[in-house]
Amino acid sequence: MCRAPFMPVSPNCPMQTCSPTKSVNGSISSRNSKNGSLEGTVIIFPSFYTLVAAATSFSKVETGEEARREADRVTSLPGQPPVRFRHYSGYVNLRRNDQKALFYWFFEAEDGVSQKPLVLWLNGGPGCSSIAYGAAQELGPFLVRRDGSQLILNKYSWNKVANMLFLEAPVGVGFSYTNNSKDLHELGDRVTADDSHAFLINWFKRFPSFKSHNFYIAGESYAGHYVPQLAELIHDRNKEATKDSHINLKGFMIGNAVIHDETDLSGIVDYAWSHAIISDHLYHNVKECAFKQTVDAAAASNCSAHFKGFMDAYSGSIFIASTLRFASLLLNPLGNSSSGLVP
């Protein structure tokens, strides 16, 4: 399962007094906006993150959301092929009284921007970066490949049909951060949904022209939790929302979703069997092991062999992270999750 490293908080950079800036050698440094001095490199990010952050221009003094939007505009990236659409990346502070900021990367549609819907994409994990994985490896317009020398245009990019907003949530994922360490110990689905909603309210203030667009939420993996819970929260809060806080939610989509272990894992076995990935014999053996709570030592040994056959059949053709959850169920037939395999 994909996990992104936590982003350290710089003690020399309290939020809203510092902003990233590109140094001569391309590393990201901390600039104190009060005196303009460079305080040294805060952190060296993986190369892809460095490209995104370094290409976003920042001003010492910006007022108003329009100015912040223009400051977030990415004019070019190293190795970027020419494109006609605009894209933006930056931070959105969540609430006046807390110290959280979520990082986004937004791509306008290739054409017909004003007529096309807005889609928020969330990766799962929990802890997987929607930018380093979703945007850069799956459905964004620029794909990053192993050598990292250039960006490749994705002919299947979703911004051919929609305006795409990629969000790193919760805090601690990718570039999203907090200056209050306590926040990193108070995470979970509820907090993620609440913070993502706060992000959207403030993001629409920065991009008001998209507020009237049909809005959809999409995601995969553990976003099977994030997406419907955020959709429900938006639906509930829309009932008492003001004009400024209403979100034009029209629906949501989830793929390869983690929702509920027992039904998810049963579905994986059924899928493998119905698509001729595993034999009838292995199918029945695995189903018996996984869903009849076998605990006998000899039977458990047989189950391990059956499960190895299942893993071997999946290897190289199906995203293997899904089978780790299956492994957990097999190794803990009575529901004990102490194996640590369930993300």
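Note that the coordinates shown come from a computational prediction; the quantities given were computed from them, not determined experimentally.
No side-chain donor-acceptor contact under 3.5 Å links Asn154 to the backbone of Phe142. The main-chain N or O of Asn180 is never found under 3.5 Å from a side-chain atom of Lys100 such that the two would form a donor-acceptor pair. Using a distance-only test at 3.5 Å, with no hydrogens or angles considered, a donor-acceptor pair links the side chain of Ser196 to the main chain of Thr192. With hydrogens and angles disregarded, a donor-acceptor distance shorter than 3.5 Å links the side chain of Asn163 to the backbone of Ala109. Side chain of Ser176 to backbone of Glu168: a donor-acceptor contact under 3.5 angstrom is found. Looking only at distances, a side-chain donor or acceptor of Lys211 sits under 3.5 Å from a matching main-chain atom of Asp244. No donor-acceptor pair under 3.5 Å is formed between the side chain of Asn256 and the backbone N or O of Ser221. With His213 contributing its side chain and Lys116 its backbone, the two residues share a donor-acceptor pair below 3.5 Å. Within the 3.5 Å criterion, the main-chain N or O of Cys128 finds no donor-acceptor partner in the side chain of Asn123.
For the pair Arg237 and Asp194, the salt-bridge criterion is met [side-chain N within less than 4.0 Å of a carboxylate O].
Taking every heavy atom of both residues into account, Phe252 and Ala231 meet most closely at CD2-CB, 3.7 Å.
For the side-chain contact (heavy atoms from CB on, under 4.5 Å) test, residues two or more places apart in sequence or in another chain that qualify with Ala198 are Leu94, Arg95.
Ring orientation note: the planes of Trp158 and Trp121 are nearly perpendicular, at an angle over 60° on the 30°/60° scale. Taking the six-membered ring where tryptophan is involved, the planes of Tyr222 and Tyr226 are perpendicular, since the angle between them exceeds 60° and thus also 30°. Relative orientation of the Phe106 and Trp203 rings is perpendicular, given thresholds of 30° and 60° on the angle between their planes. Ring orientation note: the planes of Phe175 and Phe103 are nearly perpendicular, at an angle over 60° on the 30°/60° scale.
Only one option out of Trp105, Phe207, Phe107 pairs with Tyr88 in a ring pair (Phe, Tyr, Trp, His ring centres under 6.0 Å); it is Phe207.
Inspection of the Asn285 and His281 side chains reveals an N or O donor paired with an N or O acceptor under 3.5 Å.
Within the structure, the salt bridge (charged side-chain N to carboxylate O under 4.0 Å, His left out) test picks out the following pairs touching residues 198-209 (sequence neighbours left out): Glu65-Arg206, Asp72-Arg206.
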